[in-house]
Each structure stands twice: as C-alpha cells, then as structure tokens.
Amino acid sequence: MKLLTFILLLFSYVTVVGQDVGRDIDSIERDNIIIKNKLNQRYIFGSAKELQKAFGKASIKKEFNEEAADFFYLHRYKGLEVWFSSGGWETTIVKSTDYTVLLNGVEYKIGDHINKIKTQFPLSYQNRNKYGDNAIGIMMSHNKVIYEAAVDFTYDNKGFITNITIANDNS
C-alpha cells in the first residue's frame, strides 16, 4: 500500500507540475519511452500481456486501492515493478541495473549521474528539487499534448540515480 500511496502522491506532483509546463519542466512523447532489459527485450507501455510477452512471466499481486476504488495488479520482476489497474498501465518503477529506460533513444539506468539528464532535459534538470527533494521530473505528452503523467528520477546526495518511476493517471 505504501507504493500505491506514493503513486497517488506522484499524480498530485504531476498536477502541480502540469500547471507550469512550458516554463520550468521538459516533456517527452509517450511513444519515445521504452523499457529494456539486459537481454535487449523491450516493453512500450501496453497491456500486462504485452509486458509478460516482452519480459516473461511475472510475479503478480492483486491489491484493492480504496482511494482509487479499483484493483491494482503489481507485476514484479527482479529490479522492475509494473502496476496495472482496470484502466490499463499505471506505473513502472525501475529499481536496478537489470533494466534501462530509453528516453528519445538515450539510455538511463540506476547508477547514472543526473548530469546525463541535463543535455536532453535542461529545464527539468535546472528545476530539479522544485517539487520534491532529490527528484527530477519530466512530463509526458501524446501528440504534443501534455497529460497527467511523468517520468521521475530520484537520486542520492551525490547525484546518482537510485530509482526511475514512470507513472500515468488513468483515473
């Protein structure tokens, strides 16, 4: 339930950030975000069936979220968690170097320094920590329209990425 609370807080973050889009945070087209494993298998935010087709059988846990009044299904792999609701894909969390996030073809992984983000997403990098400590947010868009979804990098005090969360609000 901690994770579901985090996801709902992230959606609140996205709503706040969305008000300032264009001035202080970058965005990326949803179709330009890919998750890749060490075997070079790729997943682009589709169904749970597509996830398992790409990465194999997952450990699945079903939870009811009272705030969302919906069931959430956690698909867990070593170093990767992907959440689905009845509305579809909700959240992907990369926690280890077993998985890489490609943003516009550039690879980001756990352990990379946040300076790597600066070149591709300068506004987000410049305004890091504005909406949370040790965090860099990038809004997601579809057909150049920003919606309530984000890529969020968290990092340690030395600037090394510790977690990459990609979340969508299907509510």
Side-chain angles (χ1 to χ4, degrees), residues 2-38 40 42-46 51 67-68 72 77 79-85 87-171:
K2 279 185 180 178
L3 181 60
L4 293 177
T5 303
F6 170 76
I7 292 167
L8 292 172
L9 288 172
L10 181 62
F11 293 152
S12 299
Y13 159 83
V14 169
T15 302
V16 171
V17 173
Q19 295 170 0
D20 293 325
V21 169
R23 292 186 302 187
D24 65 358
I25 196 164
D26 295 294
S27 67
I28 183 169
E29 281 289 315
R30 176 184 163 135
D31 293 342
N32 293 328
I33 303 171
I34 298 169
I35 308 299
K36 181 176 81 168
N37 68 9
K38 285 186 172 186
N40 206 29
R42 295 164 183 247
Y43 171 68
I44 302 171
F45 310 105
L51 172 70
E67 289 183 52
F72 282 76
Y77 298 88
L80 179 75
E81 294 181 353
V82 183
W83 290 83
F84 296 91
S85 70
W89 169 81
E90 289 287 341
T91 303
T92 299
I93 303 172
V94 176
K95 298 180 170 188
S96 80
T97 58
D98 292 328
Y99 293 87
T100 302
V101 176
L102 283 83
L103 302 178
N104 294 326
V106 177
E107 293 187 358
Y108 296 91
K109 62 183 178 220
I110 304 305
D112 283 348
H113 198 274
I114 60 169
N115 286 341
K116 185 174 184 178
I117 300 167
K118 187 187 326 184
T119 303
Q120 191 174 13
F121 303 104
L123 290 175
S124 293
Y125 180 85
Q126 177 184 338
N127 291 296
R128 64 191 179 280
N129 300 325
K130 187 170 184 178
Y131 302 99
D133 291 338
N134 291 33
I136 297 175
I138 301 162
M139 296 302 299
M140 288 170 56
S141 61
H142 182 65
N143 295 326
K144 298 189 179 186
V145 176
I146 304 288
Y147 64 102
E148 291 193 24
V151 178
D152 183 51
F153 293 89
T154 54
Y155 54 91
D156 63 20
N157 289 334
K158 293 182 180 180
F160 293 100
I161 297 170
T162 57
N163 191 306
I164 305 169
T165 301
I166 306 159
N168 182 36
D169 185 1
N170 280 327
S171 62

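What you see is a predicted model; the values in this text were computed from it and never measured. Quick note: residue numbers are just sequence positions, from 1.
For the residue pair N115/Y125, the side-chain donor-acceptor check at 3.5 Å is satisfied.
Smallest separation of non-hydrogen atoms from H113 and K158: NE2-O, 3.0 Å. Across all non-hydrogen atoms, the minimal contact from G105 to L102 is O-CD2, 4.2 Å. Of all heavy-atom pairs between S124 and I25, the closest is OG-CG1, 3.2 Å. Taking all atoms of both residues into account, the shortest heavy-atom contact from S141 to E29 is OG-OE2, 2.9 Å. When all heavy atoms of D26 and P122 are compared, the pair lying nearest together is OD2-N, 3.2 Å.
Note: W83 CH2 to T92 OG1 = 12.0 Å, rounded to the nearest 0.5 Å. Here N104 contributes atom CG and I138 contributes atom CD1; the two are 9.0 Å apart, rounded to the nearest 0.5 Å. The CZ atom of R128 sits 12.5 Å away from the CG atom of L123 when rounded to the nearest 0.5 Å. I35 CD1 to T100 OG1: the interatomic distance, rounded to the nearest 0.5 Å, is 9.0 Å. The CG atom of D112 sits 9.0 Å away from atom CD of E107, with the distance rounded to the nearest 0.5 Å. In this structure, the separation between CG on D156 and CG on N163 is 12.0 Å, given to the nearest 0.5 Å.
At a threshold of 4.5 Å between non-hydrogen side-chain atoms, the residues F84 and E90 do not count as touching. Counting heavy atoms from C-beta outward, N168 and T91 have side chains that stay 4.5 Å or more apart. The side-chain heavy atoms of L103 and N32, taken from C-beta on, include no pair separated by under 4.5 Å. The shortest distance between side-chain heavy atoms of F121 and I136 does not fall below 4.5 Å. I117 is listed as a side-chain neighbour of I161, based on a closest heavy-atom distance under 4.5 Å. Contact annotation: the side chain of I93 never approaches that of I164 to less than 4.5 Å [non-hydrogen atoms, C-beta and beyond]. Between T165 and T154 the shortest side-chain heavy-atom distance does not fall below 4.5 Å.
Below 30°, between 30° and 60°, or above 60°: for W89 and F45 the angle between ring planes is between 30° and 60°, a tilted geometry. The aromatic rings of Y77 and Y99 sit tilted, their planes meeting at an angle between 30° and 60°.
The environment of NZ in K36 is crowded: more than 12 heavy-atom neighbours from other residues, nucleotides or ligands sit within 6.0 Å. Within a 6.0 Å radius of CG in D133, no more than 12 heavy atoms belonging to other residues, nucleotides or ligands are found. Annotation for N157: atom CG does not count as buried by contact number, only 12 or fewer foreign heavy atoms lying within 6.0 Å.
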Let's go through N37 and Y43 carefully: what are the C-alpha distance in whole Å and the side-chain angles of both, what is the deciding distance for side-chain contact (heavy atoms from CB on, under 4.5 Å) to 0.1 Å, and is it a yes or a no?
CA-CA 9 Å; N37 68 9; Y43 171 68; over 6 Å; no
Stepwise side-chain contact (heavy atoms from CB on, under 4.5 Å) check, K116 with V106:
CA-CA 10 Å; K116 185 174 184 178; V106 177; 4.3 Å; yes
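Residue I166 is tested with V82, I28, V94, V151 for a side-chain contact (heavy atoms from CB on, under 4.5 Å); the sole match is V151.
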